[in-house]
Amino acid sequence: MHQAGSRSASSGQTKGNPVALVVEDDNDQRELIGAILEESDVQVIACESGEAAMQVMEVVGDRTVFLLADVGLAGVMDGVDLACEVDDRWPHTRLVTTSGYCEPSRLRALPRGTKHLPKPWRALDLIIELEHAIASRQPA
């Protein structure tokens with residue numbers, strides 16, 4: 001797993017591999033999610049803020065098949081704002097949000113088709129969502 005800001009995360013190494021972007025401000029959660037997703041054939045990049053995630057998307061957005069974002073992120077941009085921005089600019093990216101608690105009205109602002117997984121989620125739920133994302137990008 002690459003942390004955003006690291007040389008390999010931003011240089012686009014592993015060209016051609018689909019990318020899964022994990023955006024979580026809790027370090028333990030971010031590492032756990034990364035470890036779960038690395039079992040698939042994707043390059044996992046982890047960020048701790050929406051702003052860092054947007055910088056990564058500028059580099060690998062066309063290869064990003066899956067974005068998992070916590071709703072409650074530190075910084076100006078929360079997970080809902082991030083999902084809306086990514087949906088607008090990279091509509092092929094499967095969006096999944098997660099939270100321990102957030103206002104239902106905030107979830108209604110998510111783009112159509114976004115999956116929300118309340119915490120605690122099961123590892124299998126993340127794997128299923130990632131596999132759906134990968135399958136939807138495969139040529140028919």
What one should report as the nearest heavy-atom pair of Gly61 and His92 is O-NE2, 3.2 Å

Please report the shortest heavy-atom distance between Pro18 and Val65, naming the atom on each side.
CB-CG1, 3.8 Å

Quick one: pull up NZ in Lys115 and CG in Leu110 and give me the separation to the nearest 0.5 Å.
12.5 Å

Tell me the salt bridge (charged side-chain N to carboxylate O under 4.0 Å, His left out) pairs involving residues 69-91, sequence neighbours left out?
Glu58-Arg89, Asp70-Lys119, Asp78-Arg106, Asp81-Arg106, Glu85-Arg89

ILVMFWY cluster, Leu82 and Val19 together (side-chain gap under 4.5 Å):
yes

Is Leu117 linked to Val71 within one hydrophobic cluster, defined over Ile, Leu, Val, Met, Phe, Trp and Tyr using a side-chain heavy-atom separation of less than 4.5 Å?
no

Interatomic spacing from CG in Leu67 to OG1 in Thr97 - rounded to 0.5 Å
9.5 Å

Heavy atoms of Ala20 and Val42 approach each other most closely as CB-CG2, 3.9 Å

Of all heavy-atom pairs linking Leu95 and Ala83, the shortest is CD1-O, 3.4 Å

Shared hydrophobic cluster, Ile33 / Val96 (ILVMFWY, side-chain heavy atoms < 4.5 Å):
yes

Scan the side chains in residues 125-133 for donor-acceptor partners under 3.5 Å anywhere in the protein, sequence neighbours excluded, and list what turns up.
| residue | atom | partner | partner atom | Å |
| --- | --- | --- | --- | --- |
| Asp125 | OD1 | Arg122 | NH2 | 2.8 |
| Asp125 | OD2 | Arg122 | N | 3.4 |
| Asp125 | OD2 | Arg122 | NE | 3.4 |
| Glu129 | OE1 | Arg94 | NE | 2.9 |
| Glu129 | OE1 | Arg94 | NH2 | 2.6 |
| Glu131 | OE2 | Ser40 | OG | 3.0 |

Give a yes or no on whether the backbone of Ser105 and the side-chain of Glu103 come within a donor-acceptor separation of less than 3.5 Å.
no

Roughly how far, to the nearest 0.5 Å, is the SG atom of Cys47 from the CE atom of Met54?
11.0 Å

What distance separates Ser49 OG from Gln55 CD, expressed to the nearest 0.5 Å?
7.5 Å

Straight-line distance of Leu107 CG to Ser99 OG, nearest 0.5 Å
6.0 Å

Would a 4.5 Å heavy-atom cut-off, applied to side chains only, mark Leu21 and Leu68 as touching?
no

Could you tell me which non-hydrogen atom of Glu48 sits nearest to which non-hydrogen atom of Leu73, and how far apart they are?
O-CD2, 4.3 Å

Do side-chain atoms of Asn17 reach the backbone of Gln43 as a donor and acceptor pair under 3.5 angstrom?
no

Transitive ILVMFWY side-chain link Val22 to Ile134, under 4.5 Å
yes

Between Met57 and Trp90, what is the shortest heavy-atom contact and its length?
O-CZ2, 3.4 Å

For a 4.5 angstrom cut-off between non-hydrogen side-chain atoms, does Phe66 reach Thr93?
no

Which residue in the set Gln29, Glu24, Glu31 passes side-chain contact (heavy atoms from CB on, under 4.5 Å) when paired with Asn27?
Glu31

